[in-house]
Amino acid sequence: MNLQQMRYLCAVIDHGFNISDAAEGLFTSQPGISKQIRLLEEELGVKIFLRYGKRITQLTEPGQAVLAIARRILQETENLRRVGEEYSAEDVGQFSLATTHTQARYALPKAIKQFSVKYPKVKLLLHQGNPTQVADYVTSGEADLGIATEALESHSDLVTLPCYQWNRCVIVPQGHPLTKQKPLTLEALARYPIVTYDSSFTGRSQINAAFEQKGLKPNVVLSALDSDVIKTYVDLGLGVGILAQMAYDAQRDTSFAMIEASHLFAASTTRIGIRRGIYLRRYVLDFITLFAPHLDQRTIAAALHGGGEQYEL
């Protein structure tokens with residue numbers, strides 16, 4: 001058996017049992033993949049896949065065990081490569097980070113700037129998506145780290161650590177009647193059309209839960225994918241905006257009045273997600289500490305070795 005067979009096996013699974021798509025993704029031929037999988041099955045003496053005619057349809061029970069081992073082998077092979085890079089060129093390489101628009105726009109710039117100054121020879125790749133996509137980037141190995149508020153904790157393939165807590169504010173045009181509502185209440189908010197985040201984003205679940213507990217049904221007229229879109233449509237008069245407080249900038253957002261709303265909604269925690277078993281380059285560890293100073297390398301190491309699941313702020 002060889003590493004090529006391990007890669008082919010995992011690729012077929014990752015492409016939904018479609019050998020043609022796996023071959024295209026690996027820049028090889030469909031017959032080549034089929035042959036290598038048959039050779040692996042012959043060497044192991046078990047069937048990895050169930051077949052219907054020439055099509056493979058699902059993993060067998062031993063196939064599931066083989067797949068789990070194959071993925072570990074490939075991950076450890078990648079870890080060996082990372083160790084070599086670490087000690088042959090400590091400050092050279094590539095760092096891939098997956099995150100949401102709100103994090104990329106408002107929370108990450110300071111840490112990214114500090115990182116770029118400290119590691120000018122490291123190429124930083126930034127993948128943006130919703131929290132589920134962020135988790136997928138990390139679990140697939142396309143990203144070294146993921147930073148998001150939702151979705152990361154639900155992936156058993158990821159170790160997650162808390163970065164910081166945040167809450168929400170309400171933005172309205174200057175002179176809006178809600179600016180006279182002191183303190184702001186959910187009942188008052190529910191009387192107006194609302195513009196806020198998509199259901200997969202940035203603490204939307206806490207917003208929904210707060211209204212539900214009061215027996216209220218908010219009139220959400222627009223669900224946006226990022227904070228800047230929310231601001232745009234509030235500015236157009238479509239409704240009042242509920243957004244992450246970090247996304248409001250008093251110097252830039254002068255057309256809005258900001259109303260404190262942290263007393264209305266439960267706080268959210270932004271977390272870093274790391275694929276289990278991965279070897280992190282030193283500059284990746286440094287980036288984590290730059291972004292979340294309370295996460296020192298000892299804490300990160302403990303988490304990666306199974307001691308971080310209960311770590312909270």
Side-chain angles (χ1 to χ4, degrees), residues 7 10 14 25 71-153 155 157-164 166 201-202 226 246 269-305 308 311:
R7 292 192 182 96
C10 293
D14 294 339
R71 290 200 187 279
R72 290 201 299 271
I73 289 171
L74 292 178
Q75 180 163 296
E76 291 302 332
T77 301
E78 175 65 14
N79 285 343
L80 284 173
R81 183 184 64 80
R82 289 170 180 255
V83 170
E85 291 173 345
E86 178 73 45
Y87 291 97
S88 63
E90 294 184 6
D91 61 348
V92 177
Q94 180 172 291
F95 171 34
S96 180
L97 174 64
T99 191
T100 62
H101 171 272
T102 299
Q103 301 298 328
R105 172 70 176 81
Y106 298 103
L108 281 165
K110 180 180 178 182
I112 287 177
K113 182 176 181 180
Q114 292 174 326
F115 179 84
S116 297
V117 169
K118 188 172 183 179
Y119 294 100
K121 297 179 182 179
V122 175
K123 182 180 180 181
L124 177 62
L125 301 178
L126 193 63
H127 302 282
Q128 287 190 57
N130 64 42
T132 299
Q133 290 169 328
V134 169
D136 290 342
Y137 275 124
V138 182
T139 56
S140 69
E142 292 183 69
D144 299 301
L145 299 177
I147 297 177
T149 300
E150 284 94 3
L152 298 183
E153 286 184 285
H155 283 251
D157 293 339
L158 300 180
V159 173
T160 68
L161 288 168
C163 300
Y164 65 93
W166 57 271
F201 270 79
T202 319
D226 64 62
M246 74 183 92
T269 302
T270 292
R271 305 181 75 89
I272 285 179
I274 309 167
R275 188 159 39 109
R276 292 185 185 277
I278 194 173
Y279 177 87
L280 293 180
R281 297 284 301 272
R282 185 173 290 110
Y283 55 70
V284 178
L285 294 171
D286 281 351
F287 176 83
I288 295 174
T289 301
L290 287 171
F291 182 61
H294 62 283
L295 297 178
D296 56 27
Q297 294 196 14
R298 180 177 298 178
T299 300
I300 300 167
L304 290 175
H305 288 87
Y311 189 90

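These figures come from a predicted structure and were not determined experimentally. Below, all heavy atoms of this structure are taken into account, side chains as well, without hydrogens, waters or symmetry copies.
Interatomic distance, CG of L145 versus CG of L161, reported as 10.0 Å (0.5 Å rounding). Rounding to the nearest 0.5 angstrom, the gap separating the OH atom in Y283 from the CG atom in L290 is 14.5 Å. To the nearest 0.5 Å, atom CG of residue L97 and atom CD1 of residue I272 are 8.5 Å apart. Going from atom NZ of K123 over to atom OG of S116 covers 13.5 Å, rounded to the nearest 0.5 Å.
No donor-acceptor distance shorter than 3.5 angstrom exists from the side chain of Q103 to the backbone of T100, with no hydrogens or angles considered. For the pair R271 (side chain) and T149 (backbone), a donor-acceptor distance under 3.5 Å is absent.
For D157, there are no salt bridge (Lys or Arg N to Asp or Glu O under 4.0 Å) partners two or more places apart in sequence or in a different chain. Not counting sequence neighbours, the partners of F287 by the ring-ring contact (aromatic ring centres under 6.0 Å, His included) test are F95, F115.
Closest non-hydrogen pair, A107 versus F291, comes out as O-CE1, 3.5 Å. For the pair M246 and Y164, the tightest heavy-atom approach, listed with the atom from each and the gap, is CE-OH, 3.3 Å. The nearest pair of heavy atoms linking D144 to V138 is O-CG1, 4.4 Å. The heavy-atom pair separating G129 from V134 by the smallest distance is O-CG2, 3.9 Å. When every heavy atom of T299 is checked against every heavy atom of H294, the shortest pair comes out as OG1-O, 4.4 Å. In plain terms, the two heavy atoms of L126 and A104 that are nearest each other are CD2-CB, 4.1 Å.
The side-chain heavy atoms of L158 and T139, taken from C-beta on, include a pair separated by under 4.5 Å. Within the 4.5 Å cutoff, side-chain heavy atoms of L280 are placed close to those of L304. Looking at I288 and I300, their side chains come closer than 4.5 Å, going by heavy atoms from C-beta outward.
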side-chain contact (heavy atoms from CB on, under 4.5 Å) assessment of V159 paired with R275: CA-CA 6 Å; V159 173; R275 188 159 39 109; over 6 Å; no

side-chain contact (heavy atoms from CB on, under 4.5 Å) between R71 and D14, intermediate numbers included: CA-CA 11 Å; R71 290 200 187 279; D14 294 339; 2.7 Å; yes

Step-by-step side-chain contact (heavy atoms from CB on, under 4.5 Å) determination, I147 to L108: CA-CA 9 Å; I147 297 177; L108 281 165; 3.7 Å; yes

Pair T270-W166, side-chain contact (heavy atoms from CB on, under 4.5 Å): steps then yes or no: CA-CA 8 Å; T270 292; W166 57 271; 3.0 Å; yes

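Using modelled atom types and a 3.5 Å distance limit, the side chains of T289 and D286 yield no donor-acceptor pair. Side chain to side chain, T99 and H127 fail the donor-acceptor criterion of an N or O pair below 3.5 Å.
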